[in-house]
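Below is one structure, written out as structure tokens, with a few remarks after it.
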Amino acid sequence: MAEMDYISTRGSAPTLDFRAATLAGLADDGGLYVPARWPRMTTDAIRALAGLDYVETAVRVMAPFVAGVLSEDELRGLCKAAYGRFGHDAVTPLVQLDHRHWLLELFHGPTLAFKDVALQLLGQLFETFLRGGETELTIVGATSGDTGSAAIEAVAGRDHIRIFMLHPEGRVSDVQRRQMTTVLAPNVHNIAIDGSFDDAQAMVKRLFGDAEARGQLTLSAVNSINWARLMAQVVYYFYAAVRLGAPERPVAFSVPTGNFGDVFAGYVAAQMGLPIARLVVATNVNDILHRALTSGDYSAGAVTPTATPSMDIQVSSNFERLLFDLSGRDGAAIAGMMAEFDRSRAMTIPADMRAGAQALFSSARIDADGMTLALRWAQERGGQIIDPHSAVGLAAARALEIDGDVPVVTLATAHPAKFRDAVERATGVRPALPPRLGNLFEREERYSKLPGDYDAVKAHILAEAARG
Ligand SMILES: Cc1ncc(COP(=O)(O)O)c(C=O)c1O
Ligand SMILES: N[C@@H](CCOP(=O)(O)O)C(=O)O
């Protein structure tokens, strides 16, 4: 298999192999790494996935992306280690709701959200790539609740890695916060900032471009700006679609969306040849992606707190990866568009690019009432208690016209127990915390509170890192 190169969406960072792109996280020019080409799977190769377990599916889907760096056997070993920790044999099981709607349960990993699917593998990749070397990696991430705990779980206690995780104070659920702040391993540093997830994400990106910080630290990313995160998420689109009849029968997916990572992984699956009839971008009232796809208005207003806090995002990092493809992979054009966005917090998506996106993507904005009705529908018609984020996806899946023969799969991105208060308000059922979370509410918490000020956060990170 030919080695896969990685190029930046902004066109001027060096081309890297898979190992270097994973360790770099963000490209030097501020862009995001993407494969230099989309590998194709033939219809026969997709058909041959039928009956394979999750690990073997993962090896076949991801092998082209790691070619030249990891052999199939090495990749298989890492996948076995990552997915052996999931609480369901199928890793990401499908559950039927009615004659056409399905849930793809992505929350059977250690921290009960879809982030585990990618971050358990990323933890294995970091360990493999750093083993025996001198590099001390400093991971800096931003979370609206789920990435933080999944990343911390993946790297806590590992050698050669320390992690700083920024979350918006008071804007994550109590379960989410405690899943991060009760991990007391010395290489874990939680920071609550006064601000939104967008503020935290902007600080992380700024740190990557900060010469002083880069001079003192070898930085890497665990957010979905890191290509390896998305690569691992492509797998479950194949796994689900094949179980529902692909490649003979196309499948539609509805994806509750914030940073556009999960749904972009679906786009990658489609580029690889998976017959995806539609990808539904489901947003809450923080609807920048819905506006961008329907009218071209990609302008970031203030973030409105909702009962789906993990999707309270107005600047969606991975949208840049889609724009890159829609522009014909014109890095200079994307650099120009993103510079304009950084300056004015707004840009207009040209009509031809929007039309390109609409060929595959639909979108819907789901408000609190729509989310509540979907939670109740899942309970009454499907016999399932789901989480509010998954309910946003389900509401969008049911609201949109999708060809009647096509099964529609909603990605169930978190376990309902992570958002017990909102679920109880809508359904009257308070989901129990799974035993694997143990005594979460009795454990000691440790985190620093900082103002939403870049210099203060940077100074804190440099000081803590200097302490070892
Ligand atoms: C539970 C949950 N659902 C959906 C999302 C949105 O996913 P993405 O940011 O990949 O669009 C997130 C976080 O990002 C999440 O934590
Ligand atoms: N919803 C996310 C936000 C960060 O997104 P990521 O996928 O880019 O890591 C979270 O829960 O933290």
Side-chain angles (χ1 to χ4, degrees), residues 25-26 32 104-107 109 111-119 122 139-152 154 163 165-168 171-173 175-177 179-180 190 196-202 204-205 221-230 232-234 236 253-268 279-284 286 288-290 303 306-322 361 363 366 371 386-394 396 410-419 422-423:
L26 193 69
L32 308 182
L104 179 60
E105 292 187 347
L106 301 175
F107 52 72
T111 68
L112 311 180
F114 78 99
K115 312 285 181 173
D116 289 320
V117 177
L119 282 159
L122 190 58
I139 291 169
V140 184
T143 185
S144 54
D146 288 327
T147 294
S149 57
I152 288 169
I163 183 165
M165 187 52 66
L166 280 57
H167 72 266
R171 299 199 194 191
V172 300
S173 80
V175 174
Q176 288 179 311
R177 191 193 68 250
Q179 282 183 302
M180 297 187 275
N190 279 292
S196 67
F197 168 79
D198 286 347
D199 299 327
Q201 182 168 243
V204 171
K205 286 186 177 169
V222 283
N223 281 106
S224 54
I225 54 178
N226 191 320
W227 162 256
R229 280 274 312 272
L230 301 191
Q233 291 172 215
V234 177
Y236 47 70
F253 290 91
S254 180
V255 190
T257 310
N259 230 359
F260 204 72
D262 210 4
V263 74
F264 188 80
Y267 166 83
V268 175
L279 278 175
V280 178
V281 175
T283 74
N284 64 21
N286 297 294
I288 185 169
L289 288 166
H290 175 59
V303 176
T306 70
T308 46
S310 299
M311 291 159 57
D312 291 346
I313 296 175
Q314 285 280 29
V315 182
S316 292
S317 292
N318 289 286
F319 199 53
E320 178 170 343
R321 286 186 161 117
L322 180 66
F361 294 95
S363 65
I366 305 298
M371 184 272 289
I386 63 175
D387 103 283
H389 303 77
S390 312
V392 166
L394 182 60
T410 296
L411 272 51
T413 47
H415 191 289
K418 290 190 100 163
F419 306 96
V423 173

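Ligands are counted one by one from 1 in listed order, and the atoms in each one are counted from 1 as well. Below, all heavy atoms of this structure are taken into account, side chains as well, without hydrogens, waters or symmetry copies.
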For R229, the ligand 2 atoms with a heavy-atom partner under 4.0 Å come out as 6 (P), 7 (O), 9 (O)
I'd like to know if G145 contacts ligand 2, where contact means a heavy-atom distance under 4.0 Å to any ligand atom. yes
min-distance protein heavy atom vs atom 1 (C) of ligand 1 -> D146 OD2, 3.1 Å
If you scan protein heavy atoms around atom 9 (O) of ligand 1, the nearest is N259 N, 2.7 Å
Under 4.0 Å between heavy atoms, the region of T257 that gets near ligand 1 turns out to be both
Closest to atom 12 (O) of ligand 2 by heavy-atom distance, out of L119, T143, L230, N259, is T143
Nearest non-hydrogen protein atom to atom 3 (C) of ligand 2, with distance, is S144 OG, 3.2 Å
For atom 4 (C) of ligand 1, the closest protein heavy atom turns out to be P256 O, 3.4 Å
Original post:
When you measure from the side chain of N223 to the backbone N and O of A142, does any donor-acceptor pair fall under 3.5 Å?
Top reply: yes
Only residue of L230, L26, N259 satisfying side chain to side chain contact (heavy atoms under 4.5 Å, CB included) with I225 is L26
Nearest non-hydrogen protein atom to atom 11 (O) of ligand 2, with distance, is D146 N, 2.7 Å
Atom 15 (C) of ligand 1 sits nearest the protein heavy atom S310 CB, 3.4 Å
K115 versus T143, side-chain donor and acceptor atoms under 3.5 Å
no
To atom 14 (O) of ligand 1, the nearest of M311, H415, K115 on a heavy-atom basis is K115
shortest atom 11 (O) of ligand 1-to-protein heavy-atom contact is with G258 N, 2.8 Å
S224-Q233 side chain donor-acceptor pair, cut-off 3.5 Å: no
the protein heavy atom lying closest to atom 10 (O) of ligand 1 turns out to be D262 N, 2.9 Å
### Query
Does Q233 reach ligand 1 with a nitrogen or oxygen that is under 3.5 Å from one of the ligand's nitrogen or oxygen atoms?
no
Using a 3.5 Å cut-off on N or O atoms only, is F419 in polar contact with ligand 1? no
- Query: Any nitrogen or oxygen of S310, main chain or side chain, under 3.5 Å from a nitrogen or oxygen of ligand 2?
  - Reply: yes
_So for ligand 1, is F260 a polar contact partner (N or O within less than 3.5 Å, distance only)?_
yes
### Task
Could you establish whether F114 and ligand 1 come within less than 4.0 Å of each other, counting only heavy atoms on the residue side?
yes
If we only consider heavy atoms of M311, is any one of them less than 4.0 Å away from an atom in ligand 2? no
Residue, atom and distance of the protein heavy atom nearest atom 2 (C) of ligand 1 read T413 OG1, 3.4 Å
Consider only side-chain N and O atoms of N318 and R321, and report whether a donor and an acceptor are under 3.5 Å apart.
-> yes
Is K418 close enough to touch ligand 1? Criterion: a residue heavy atom under 4.0 Å from a ligand atom. no
Atoms of ligand 2 under 4.0 Å from any heavy atom of F197, numbered from 1 in the order shown, are 3 (C), 4 (C)
So for S317, does at least one of its heavy atoms come nearer than 4.0 angstrom to any atom of ligand 2? no
| said: Looking at ligand 1, is there an atom of it that comes within less than 4.0 Å of some heavy atom belonging to V263? | reply: no
